[in-house]
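Notes follow the structure.
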There are 2 protein chains.
Amino acid sequence: MNILDKINTQLSEFSKSERKVAEVIIAAPHEAIHASIATLAKQADVSEPTVNRFCRRLDTKGYPDFKLHLAQSLANGTPYVNRHVDESDSPQAYTEKIFESTMACLDTARQSIDVNSINRAVDLLTQARQISFFGLGASASVAHDAQNKFFRFNVPVVCFDDIVMMRMSCINSNDGDVVVFFSHTGRTKSLVELAQVARSNEAIVIGITELDTPLAKECNLVLSSNVPEDTDMYMPMASRIAQLVLVDVLATGFTLRRGNKFRDNLKKVKDSLKISRFEKK
Amino acid sequence: MNILDKINTQLSEFSKSERKVAEVIIAAPHEAIHASIATLAKQADVSEPTVNRFCRRLDTKGYPDFKLHLAQSLANGTPYVNRHVDESDSPQAYTEKIFESTMACLDTARQSIDVNSINRAVDLLTQARQISFFGLGASASVAHDAQNKFFRFNVPVVCFDDIVMMRMSCINSNDGDVVVFFSHTGRTKSLVELAQVARSNEAIVIGITELDTPLAKECNLVLSSNVPEDTDMYMPMASRIAQLVLVDVLATGFTLRRGNKFRDNLKKVKDSLKISRFEKK
DNA sequence: ACTACAGATGTAATAAATTTACATTTTCTA
DNA sequence: TAGAAAATGTAAATTTATTACATCTGTAGT
């Protein structure tokens, strides 16, 4: 979280002297990062320990740590603040905003992801007798994408975006099957029900969805990207990208787990496509 | 200017000990910014002044100044060097690398995108009598995703991932139709041929693919994400994400062009989904 | 208005970190 | 292999940050 914003937000919580420090920093943050604690104290007309206390109040370890945070806030001019597309935005503006908000979203997702869960998911997938990917609506394309990736691994994999097919598949599932549900909301009724069916047939259920949702509760393992809701205005955008990257991570974990010999297999699939393509000049 | 890149570029100009320092920093830059010069020196198995000299060689004032620069390089997900997943990577490591390389890729894409083309594409799409999205393999899921987005706009939209259906659709296409081809390589023979068919039937052909490829040559308009090839090792990863974000941009441009009244429409679609979901607690 | 107390601020000492000056080692060249 | 130049390390000096404690300020209760 941007420390400059934080200073502004907490401005009222500071004491008189601390506020003096805050003002000097806000007025010239670029100079502040190059100042020593003594210089800054003099500029704000306070003592050095006051500056130090100011830093601690912002949950930093001390002055040098604070400068590090400040430097990051100042990197790249204005980082991705202006996330929301505005009606009056030019094509240039909304293009940049969407790219930046997507990147910001991935950054958040990366930080919130639980690596142990990733690792367990890879465990489960590598040992699966068969993998099924299910998704509806916007999540259907994520499921298709997952199929496309895992299919290359020469593992039995199916993908459905149709409730009826999903149900049939779940009813026939067995011990050793892994079913992956993609759901942005985690609240789609039919998916929750299907997860129950799959589990009662001994299949392992992985949910790529939000934590603490009805769907999450039915899963053996949940991977959450934990993306701020407000990024997706009227349709899932950034959150779906985060899910896709998660699929990339799982696929990568899968190939690494399988080792070298296996990667030849991937190359074979890739090479097999050559015949359907024009030569590269 | 990114100091991590700079370290990599100048790697050959460093002396033996300096290179040791460089390697430690590249291996764990996030930790380096919190280390003191003594800690770092010990990790690199060199003396403290060597670290200092290393910093100066990179045109910084000294170690603290160097850390500031480094912190800025790492700020807000600004992607960094070690993009390639390595066989010995821990789950933590490959997860981070994939997220970061994806973000790096989006950053590149954003910079290389031609806004005028975006704008023209939005023009064409808003005026379309019908929109078709075509993609094969990994691009099929991008096409599906596009369908999912544009379908909400209450515009006639179809999507095919099947050569035969595509062909039928192209043969029946007309003046006023817009056909969007997704192709990572731009070299898939059947798609190139279909683009020709569509054009000869007066449809407008938009290609979301690489510039200067056989497919690009058959298009009325090409949107290229221009993603470095080496990011996609054995399967399309980052490049496909860039295409999806491009779809987001086009969809956003579309809604903006249609104005306020239209956004109610989107809300209606979103609300219509509520009945199939569990209430939010 | 005075006292007692809590919070805020400053002073000075201490500790930590960085830099400098110089000594030693290594590497290259003749 | 001697000698110079470059690289690296050691230890002292300097700068910088932190801690402990003293002082001040404002406030609530009497």
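Letters A, B, ... are given to chains in the order of the sequence lines, protein chains preceding strands, and every chain is numbered from 1. Treat the numbers as computed from the prediction; the structure is a model and nothing was measured.
- OP1 or OP2 of D/dT8 lies within a sub-4.0 Å distance of a side-chain N or O belonging to B/Ser17.
- Heavy atoms of other residues, nucleotides or ligands lying less than 6.0 angstrom from CZ of A/Arg19 number more than 12.
- Surrounding CD of A/Glu31 are at most 12 heavy atoms belonging to other residues, nucleotides or ligands under 6.0 Å away.
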* To do: Output, in order, the C-alpha distance, side-chain angles, deciding distance and verdict of salt bridge (charged side-chain N to carboxylate O under 4.0 Å, His left out) for A/Arg53 and A/Glu18.
  => CA-CA 8 Å; A/Arg53 285 187 278 258; A/Glu18 282 168 352; 5.6 Å; no
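- OP1 or OP2 of C/dT9 lies within a sub-4.0 Å distance of a side-chain N or O belonging to A/Ser15.
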All N/O pairs under 3.5 Å across the protein-nucleotides 15-19 of chain D interface:
| residue | atom | partner | partner atom | Å |
| --- | --- | --- | --- | --- |
| D/dA17 | OP2 | A/Ile37 | N | 2.4 |
| D/dT18 | OP2 | A/Asn52 | ND2 | 2.0 |
| D/dT18 | OP2 | A/Tyr63 | N | 3.2 |
| D/dT18 | O5' | A/Asn52 | ND2 | 3.3 |
| D/dT19 | OP2 | A/Arg56 | NH1 | 2.9 |
| D/dT19 | OP2 | A/Arg56 | NH2 | 2.8 |

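- Distance A/Lys16 NZ to D/dC24 C1': 11 Å, rounded to the nearest Å.
- Rounded to a whole Å, the CZ atom of A/Phe54 is 16 Å from the C1' atom of C/dA8.
- A/Thr209 pairs in a side chain to side chain contact (heavy atoms under 4.5 Å, CB included) with only one of the listed residues (A/Thr185, A/Leu215, A/Leu223), which is A/Leu215.
- Between the P atom of C/dT19 and the CG atom of B/Asp65 lies a distance of 9 Å, rounded to the nearest Å.
- Taking the centre of each ring, B/Tyr63 and B/Phe54 stay at or above the 6.0 Å mark.
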* To do: For salt bridge (charged side-chain N to carboxylate O under 4.0 Å, His left out), just list the numbers for A/Asp65 and A/Arg56, CA-CA rounded to whole Å, side-chain angles, deciding distance to a tenth of an Å, and then say yes or no.
  => CA-CA 9 Å; A/Asp65 189 41; A/Arg56 299 237 167 107; over 6 Å; no
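- Backbone-only engagement by B/Val46 is indicated by non-hydrogen atom pairs under 4.0 Å involving sugar-phosphate atoms exclusively.
- Rounded to whole angstrom, the span from the CG atom of B/Leu40 across to the C1' atom of C/dT19 amounts to 16 Å.
- In this structure, B/Leu68 places its CG atom 17 Å from P of C/dA17, rounding to the nearest Å.
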